[in-house]
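All values derive from a computational prediction rather than experimental measurement.
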Amino acid sequence: MTLDEAGPSLESPGALLIVQKYGGTSVGTVERIRNVARRCLATQRQGHRVVVIVSAMSGETNRLLGLAKQLTDLPDERELDVIASTGEQVTVGLLALAIHAEGGSAVSLLGHQVRILTDSAFARARIQDIDARAISAAVKSGKIAVVAGFQGVDKDGNITTLGRGGSDTTGVAIAAALSADVCEIYTDVDGVFTTDPNLVPTARKIDRISYEEMLELASLGAKVLQIRSVELGMKHNVPIHVRSSFNKNEGTWVVPEEKTMEEVVVAGVSANRDEAKITLRGVPDQPGVAARIFQPLTESSIVVDMIIQNVSADGRTDLTFTVPKGDVKRAVEFLKTRCGDLCENGARIAYDDSLAKVSIVGVGMRSHAGVAQRMFELLAKENINILMISTSEIRISVVVESKYVELAVRVLHDGFGLDKPPAQRISVA
């Protein structure tokens with residue numbers, strides 16, 4: 001079975017095939033691993049077939065990478081993947097033992113044993129295919145398959161890792177390969193909220209959210225799901241249930257768009273403090289200049305987000321764009337080196353890394369006018385200046401000074417009535 005040729009569901013009549021993924025905090029101690037073992041067995045004893053994906057224990061990946069950084073400031077990424085992948089190896093072994101101790105039967109499987117095939121982009125690999133036969137065999141024999149998240153192998157047999165949050169992607173990809181009925185993502189929060197509850201105490205848990213909305217929120221800084229996992233869920237139509245591993249409450253379902261979702265104009269507000277702005281002043285306004293500017297950034301894997309070009313005057317224009325804060329100085333150096341003639345060796349370059357991006361997301365924006373106007377009015381009333389704006393069909397993002405980010409999130413959350421049930425929220429138009 002592969003991602004593109006998923007086989008039939010494995011469940012017996014009346015039973016479900018359930019993939020459960022547990023994050024680092026859920027398996028952060030031996031006692032929490034015992035708790036996960038009990039949850040897995042409880043699901044299996046209800047008659048369902050269970051596949052479990054686990055992350056490394058909380059803090060373990062950072063500890064392992066820290067050891068490597070003590071040896072060299074520029075460690076080879078292939079070797080980093082060899083080191084980082086051991087965190088999940090420990091967890092799957094411990095969880096399998098815990099399931100045995102609770103009277104169940106389980107088998108641990110690493111990325112190369114499942115054969116999670118990825119490309120060779122070490123530390124940020126993408127899954128290309130999954131051979132799920134080993135998982136299928138374990139489940140059919142009545143065992144719980146405990147699979148290491150975050151890791152795979154390339155075509156040459158090298159160990160690879162999928163980047164931060166990669167266990168989410170492993171879980172959804174395996175669910176897709178098995179045609180599972182649901183992929184449950186267990187974490188330390190009760191689900192997806194209208195915004196970060198740490199910023200806005202009145203934030204509400206969202207019962208159901210569309211793949212598109214979740215994709216936007218994940219790309220805009222929401223930490224609940226890795227963006228690639230949402231992409232895979234949407235492509236393969238895998239229902240994703242985000243819920244807490246510390247209680248039995250219903251969480252948030254990430255599913256295809258439903259008619260009722262269009263009635264909710266704004267589903268959530270997100271903030272990303274990892275923003276920096278670069279401006280090239282007075283560059284020639286002629287074909288090919290923008291391509292020259294962005295080529296070295298692309299070659300250096302620096303992600304460019306918002307782009308604004310001013311109206312041309314006297315054959316010259318200003319070009320402004322945003323990059324991750326950690327990449328801004330590197331980006332400026334690349335521009336000086338590769339585009340020195342366009343920016344006078346840096347004299348025409350300015351940057352600001354004290355910025356944040358605040359966004360509102362909702363599929364209801366497609367059918368409701370006045371959303372942008374209301375957003376801008378709410379920010380203006382608090383004297384929050386908007387530095388840049390970008391939009392999609394279901395998202396409006398603004399860049400503001402980082403000192404205003406918490407105020408902006410609270411104002412927008414309250415201004416669109418997200419502290420209330422959907423039926424009681426303020427109509428925009």
message = Looking at every heavy atom in both Ser85 and Ile159, which two are closest together, and how far apart are they?
response = OG-CG2, 3.5 Å

query = Salt bridge check: are Arg78 and Asp76 linked by an N-O gap of less than 4.0 Å?
reply = no

query = Taking Ser244 for the side chain and Phe246 for the main chain, is one N or O donor matched with an acceptor at less than 3.5 Å?
reply = yes

query = Does any donor atom in the side chain of Ser229 or Thr169 lie under 3.5 Å from an acceptor atom in the other side chain?
reply = no

remark   = Here the pair of heavy atoms bringing Leu387 nearest to Leu355 is CD1-CD2, 3.4 Å

query = Does any N or O in the side chain of Lys325 come within less than 3.5 Å of the main-chain N or O of Arg273, such that one atom is a donor and the other an acceptor?
reply = yes

task = With side-chain contact (heavy atoms from CB on, under 4.5 Å) as the test, would you mind laying out the steps for Asn62 and Leu64 before giving the verdict?
result = CA-CA 5 Å; Asn62 287 339; Leu64 292 167; over 6 Å; no

inquiry  = Keeping Glu382 on the side-chain end and Leu379 on the backbone end, is there a donor-acceptor pair under 3.5 Å?
reply    = no

message = Run the side-chain contact (heavy atoms from CB on, under 4.5 Å) test on Val114 and Arg133 for me, step by step, so that the C-alpha distance in whole Å, both residues' side-chain angles and the decisive distance to 0.1 Å come before the verdict.
response = CA-CA 7 Å; Val114 174; Arg133 285 178 293 182; over 6 Å; no

Approximate separation, where rounding is to 0.5 Å, of Lys205 NZ and Glu250 CD = 7.0 Å

request  = Start with the C-alpha distance between Thr194 and His413, add both sets of side-chain angles, then the distance that settles side chain to side chain donor-acceptor pair (under 3.5 Å), and finish with yes or no.
outcome  = CA-CA 8 Å; Thr194 49; His413 189 270; 2.7 Å; yes

ask   = CD1 of Ile185 to CG of Asp168: how many Å apart, nearest 0.5 Å?
value = 4.5 Å

ask   = Hey, what do you get for OG1 (Thr252) to CE (Met214), rounding to the nearest 0.5 Å?
value = 8.5 Å

key: Within residues 300-324 or reaching into it, pairs that qualify as salt bridge (charged side-chain N to carboxylate O under 4.0 Å, His left out) - sequence neighbours excluded   = Asp305-Lys357

inquiry  = Assess whether a salt bridge exists between Glu257 and Arg208, defined as any Lys/Arg side-chain N lying under 4.0 Å from an Asp/Glu carboxylate O.
reply    = no

ask   = In terms of heavy-atom contacts, does CG of Asp73 have more than 12 from other residues, nucleotides or ligands at under 6.0 Å?
value = no

request  = For Asp285 and Thr317, run side chain to side chain donor-acceptor pair (under 3.5 Å): C-alpha distance rounded to whole Å, both residues' side-chain angles, the deciding distance at 0.1 Å, then the answer.
outcome  = CA-CA 6 Å; Asp285 187 13; Thr317 186; 5.3 Å; no

ask   = Is Arg374 reaching over with its side chain to a backbone N or O of Gly415, donor-acceptor style, under 3.5 angstrom?
value = yes

query = Taking the side chain from Glu401 and the backbone from Ser354, do they hold a donor-acceptor pair closer than 3.5 Å?
reply = no

message = If the test is side chain to side chain contact (heavy atoms under 4.5 Å, CB included), which one of Val304, Val332, Asp274 qualifies with Val323?
response = Val304

message = Show, in sequence, the C-alpha distance, side-chain angles and deciding distance for Glu216 and Ser392, and conclude whether the side chain to side chain donor-acceptor pair (under 3.5 Å) test is met.
response = CA-CA 9 Å; Glu216 290 279 11; Ser392 74; 2.9 Å; yes

ask   = Between Tyr22 and Tyr186, how do the two ring planes meet: parallel, tilted or perpendicular, split at 30° and 60°?
value = parallel

ask   = Between OG1 of Thr322 and CG of Asp353, what distance do you get to the nearest 0.5 Å?
value = 13.0 Å

message = When you measure from the side chain of Arg204 to the backbone of Leu418, do you find a donor-acceptor pair of N or O atoms at a distance under 3.5 Å?
response = no

ask   = Is there a donor-acceptor contact under 3.5 Å from the side chain of Thr91 to the main chain of Gly87?
value = yes

Check: Tyr404 side chain, Ala356 main-chain N or O, donor-acceptor pair, under 3.5 Å = no

Residue that, paired with Glu333, satisfies salt bridge (Lys or Arg N to Asp or Glu O under 4.0 Å) out of Arg330, Lys329, Lys336 = Lys336

task = Evaluate the side-chain contact (heavy atoms from CB on, under 4.5 Å) criterion for residues Lys21 and Ser55: first the C-alpha distance (whole Å), next the side-chain angles of each, then the deciding distance (0.1 Å), finally the verdict.
result = CA-CA 8 Å; Lys21 177 265 172 179; Ser55 302; 3.6 Å; yes

key: Residues Glu213 and Arg395 bridged, charged N to O under 4.0 Å   = no

Audit row: Asn198, Asp196, side chain to side chain donor-acceptor pair (under 3.5 Å) steps and yes/no = CA-CA 5 Å; Asn198 294 316; Asp196 184 348; 3.3 Å; yes

request  = For Leu412 and Met375, run side-chain contact (heavy atoms from CB on, under 4.5 Å): C-alpha distance rounded to whole Å, both residues' side-chain angles, the deciding distance at 0.1 Å, then the answer.
outcome  = CA-CA 7 Å; Leu412 294 173; Met375 180 182 189; 3.7 Å; yes

task = Assess the side chains of Thr298 and Gln295: does a donor N or O sit below 3.5 Å from an acceptor N or O?
result = no

message = For Phe376, is the CZ atom crowded, meaning more than 12 foreign heavy atoms sit under 6.0 Å from it?
response = yes

request  = Could you tell me whether the side chain of Ser300 and the main chain of Ile302 form a donor-acceptor pair under 3.5 Å?
outcome  = no

key: Donor-acceptor contact below 3.5 Å, side chain Thr195 vs main chain Val269   = yes

query = Judged by modelled atom types alone, do Glu184 and Gln20 share a side-chain donor-acceptor pair under 3.5 Å?
reply = yes

inquiry  = Once rounded to the nearest 0.5 Å, what's the spacing between atom CG of Leu110 and atom CD of Gln89?
reply    = 5.0 Å

query = Can you find a side-chain donor-acceptor pair between Thr118 and Thr160 that sits under 3.5 Å?
reply = yes

task = Sequence neighbours left out, what pairs pass salt bridge (charged side-chain N to carboxylate O under 4.0 Å, His left out) with at least one residue falling in residues 112-125?
result = Glu77-Arg124

